[in-house]
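Down below is the structure, laid out as structure tokens.
Counting starts at 1 for both ligands and their atoms, in listed order. Note that the structure is a prediction, hence the values are computed from the model and not measured.
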Amino acid sequence: MQTFGAFLVSFLAASGLAAALPAEGQKTASIEVSYNKHYVPHGPTALFKAKRKYNAPISEKLHAAVAAKKALTKRQTGSANTNPSDSADDEYITNVSIGTPAQVLPLDFDTGSSDLWVFSSETPKSSASGHVTYSPSKSSTAKKLSGASWSITYGDHSSSSGDVYTDKVTVGGFSVSSQAVESATKVSTQFVQDTVISGLLGLGFDVGNTVKPRAQKTWFSNAANSLAQPLFTADLKHQQTGSYNFGFIDTTLAKGPIGYTPADGSEGYWGFTATGYSVGGAKLNRNSITGIADTGTTLLLLDDDVVNAYYNNVESAQYDDSQQGVVFDCSEDLPSFSFGVGGTTITIPGSLINLTPVSDGSSTCFGGLQSSADIGINIFGDVALKAALVVFDLGNERLGWAQK
Ligand SMILES: C[C@@H](SC(=N)N)c1ccc(Cl)cc1
Ligand SMILES: C[C@@H](SC(=N)N)c1ccc(Cl)cc1
């Protein structure tokens, strides 16, 4: 019959743990231990456990201190799929649950604006035809925000306006219990015709919100303090499902390192400066480009000198006044476009810059890179974002870009 010691020796030897174990008959043993590097110490919790172990009285205050810590460390995250609206990746559609019971609406997540607005039971029937709508009267958690109104005009001159409710809004499994949901009583033609979306979810800075008399917070701003980290990432793809992740960075979505650079939210946008650019894989120059990271704009819109430097490498490129932009033969192999940001380089493959024929069946294609001259700001829209995993880091007021 083996003594326990002998059993222990043979067991540990078998499991390769026999570091410094006694020979038969000795009375000592030792075993490696490693500490848990993820453990975050918390005094009151340690005290609570000790008191509990020895049945010592535990005060209400100690219970509260332990509960507070527990609430803080809840790993809160959200993850939502996002899909291009069509083969040209014109916009990206993400489903959002509003109210109780949940009403699911397809919305356009827009880092270039800060209003969450929807087609609703208050939108004129003729305008709402073909759209999924939100009915506050059918939600037990909806509350009218009395006296509040909103009105917004976008860069492409589309517009909408209306009144405001608060309700529970869930994105990718994460809920904000009292989110301002702006109900449209008026929408412009472009929105009426854009039946694949029922409104926008602004992911810009709160300063850009149009609700009066008191501006409201974006869904992300309301969520930030409860998320594991006050950030979200955009992983937009060409003709494929991508994702918006909240509270965490899934670095497996990227191929290269994340380069961080300060974000300027003063205008409501996610403004940043690229340190230089190049065409066709050449070395980056040092001509900086200041612009915004904008999921709500389809194209990459940059200064004329950059646009010309690019299309000088495209044999068939020419400005088409009827199209109000640069067009080229769809059969041409386009060069890539690279920009430097946060110490890393993002390269947009030429294939992502050859978007769509100017009309069905045409052999002339409209460029994904166009001039920002008549806008006044440079816009790194979906054409640029599709080449990267982009981190919108509110906590550190910075943007992260990683090649993918
Ligand atoms: C910032 C975007 S609009 C948006 N993403 N909410 C924009 C501004 C001006 C022009 Cl001309 C075109 C696009
Ligand atoms: C619903 C569309 S209307 C259009 N397709 N011009 C739209 C407008 C403005 C933004 Cl920022 C995003 C999408």
Phe392 and Phe220: aromatic ring centres closer than 6.0 Å?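 No; Phe220 has its ring centre 6.0 Å or more from that of Phe392.
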Using the benzene-type ring in the case of Trp, are the ring centres of Phe246 and Trp219 under 6.0 Å apart?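 Yes: the rings meet the under 6.0 Å criterion.
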Taking N or O atoms only and a 3.5 Å limit, does [X] qualify as a polar contact for ligand 1?
X: Gly155; value: no
X: Asp110; value: yes
X: Tyr269; value: no

Please name the residue in the list Thr166, Asn222, Thr218 that meets the side-chain hydrogen bond (donor to acceptor under 3.5 Å, both in side chains) test with Gln179.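 Testing Gln179 for a side-chain hydrogen bond (donor to acceptor under 3.5 Å, both in side chains) against Thr166, Asn222, Thr218 leaves exactly one candidate, Asn222.
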Polar side chain donor-acceptor pair, Thr241 to Asn81, under 3.5 angstrom: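 The answer is no; no qualifying pair exists.
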When you check the side-chain N and O atoms of Glu332 and Ser316, is any donor under 3.5 Å from an acceptor?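 Yes.
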Give the numbers and elements of all ligand 1 atoms closer than 4.0 Å to a heavy atom of [X].
X: Ile375; answer: 9 (C), 10 (C), 11 (Cl)
X: Asp294; answer: 1 (C), 2 (C), 4 (C), 5 (N)
X: Tyr154; answer: 6 (N)

Any donor-acceptor N/O pair, His131 side chain to Gly199 backbone, under 3.5 Å: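 Judged by distance alone, no pair lies under 3.5 Å.
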Can you tell which part of Ile379 has a heavy atom less than 4.0 Å from ligand 1: side chain, backbone, both or neither?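 Under 4.0 Å from ligand 1, Ile379 contributes side-chain atoms alone.
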